[in-house]
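Keep in mind that what you see is a predicted model, and the values were worked out from it rather than measured.
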Amino acid sequence: MLKWPLCLCCALIAAAAGRAQVASPLELANLQEDVRGLNQKVSDLTLRVEQLEHEVNSAQAGAQAAAQHNYATLEQLNAAVADVNRSVQAAVASAQSDTLERVNVQIQKLVKQMNAALAGPARGAAETGFSADFPKTGVSYTVAKGDTLALIAKKTGAKVQDIINANKISDPGRIQAGQTLFIPGGK
């Protein structure tokens, strides 16, 4: 009977270790403290069960009246074991609830960060805007493999910023081979 709560605690520790990848060091330390508290409760309850078992063994060594006394002690032992089970189950449920709550908070933070990161470039492009101050005449240029905006500007005699503004390029590092660009003032 005593091995079940300890195995349950081991499973809780293993589950907590698996979730520790998401948790911050402070939350991990709090979780470890919770696990230590649970281990202490299990130890206390184990000690109480051992005391009751000792009382049962002492009662069995008694005389003829021991039979009635043993029956009462067995009831006490069963009640104590039931209390231990309820306490362990409550402690495990509490620890699981706390862990899930912490993990949920971390997940929400990560989702907010991810949404901000995903929305960041789109917001940046909208906020940046493109200038209309570039020559309106020029040439078309098909991007070749290995071309960069700086290289294209050098080849055509245009300014990099004019190429960016004319083609509304939000990320100059993401031009692709085969893409056709308008080169303002280019030759």
Side-chain angles (χ1 to χ4, degrees), residues 1-60 70-131 148-150 161 164-165 167-177 179:
M1 268 191 245
L2 297 179
K3 289 185 181 180
W4 179 79
L6 293 177
C7 290
L8 190 57
C9 286
C10 292
L12 177 61
I13 291 168
R19 292 184 180 131
Q21 295 172 359
V22 176
S24 70
L26 176 60
E27 291 172 334
L28 182 57
N30 288 340
L31 184 59
Q32 288 173 339
E33 189 60 37
D34 290 343
V35 171
R36 279 189 205 104
L38 285 173
N39 283 337
Q40 182 61 41
K41 285 182 181 179
V42 169
S43 295
D44 292 344
L45 293 171
T46 301
L47 181 61
R48 177 69 178 133
V49 168
E50 288 174 0
Q51 288 172 345
L52 289 172
E53 287 176 340
H54 179 69
E55 288 177 17
V56 167
N57 290 337
S58 296
Q60 287 176 345
N70 282 343
Y71 182 74
T73 304
L74 288 175
E75 280 183 10
Q76 291 173 351
L77 181 60
N78 287 336
V81 168
D83 287 343
V84 168
N85 286 337
R86 280 190 296 275
S87 296
V88 168
Q89 288 172 352
V92 167
S94 174
Q96 285 175 339
S97 176
D98 290 346
T99 301
L100 290 175
E101 185 177 325
R102 288 181 183 141
V103 167
N104 189 32
V105 168
Q106 283 298 319
I107 288 173
Q108 289 174 359
K109 286 179 186 177
L110 290 173
V111 166
K112 286 179 184 176
Q113 289 174 354
M114 185 175 65
N115 286 339
L118 290 173
R123 239 187 276 136
E127 292 170 2
T128 303
F130 297 100
S131 171
T148 64
L149 288 181
Q161 191 59 47
I164 291 171
N165 288 332
N167 294 282
K168 296 183 177 26
I169 300 172
S170 60
D171 186 356
R174 297 192 80 157
I175 60 171
Q176 299 175 6
Q179 181 178 358

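For residues 30-40, the set of pairs meeting the salt bridge (charged side-chain N to carboxylate O under 4.0 Å, His left out) definition, not counting sequence neighbours, comprises Glu33-Arg36, Asp34-Arg102.
In this structure, CD in Glu55 is found 11.5 Å from CG in Leu74, a value given to the nearest 0.5 Å. With values rounded to the nearest 0.5 angstrom, Asn30 atom CG is found 9.5 Å from Gln32 atom CD. Residue Thr99 holds its OG1 atom at 4.5 Å from CG of Leu31, rounded to the nearest 0.5 Å. In this structure, CZ on Arg48 lies 16.0 Å from OG on Ser43, to the nearest 0.5 angstrom. Here the CD atom belonging to Glu101 is positioned 8.0 Å from the CG atom belonging to Asn104, to the nearest 0.5 angstrom.
Partners of Arg174 by side chain to side chain donor-acceptor pair (under 3.5 Å), not counting sequence neighbours: none found.
Scanning all heavy atoms of the two residues, the minimum distance from Ile169 to Phe130 falls at O-CE2, 3.5 Å. Residues Ser87 and Leu45 come closest through the heavy atom pair CB-CD1, 3.5 Å.
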Test log, rule salt bridge (charged side-chain N to carboxylate O under 4.0 Å, His left out), inputs Arg86 and Asp83: CA-CA 5 Å; Arg86 280 190 296 275; Asp83 287 343; 2.2 Å; yes
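The main-chain N or O of Val42 is found under 3.5 Å from a side-chain atom of Thr46 such that the two form a donor-acceptor pair. A distance-only check finds no donor-acceptor pair linking the side chain of Ser94 to the backbone of Ala90 [under 3.5 Å].
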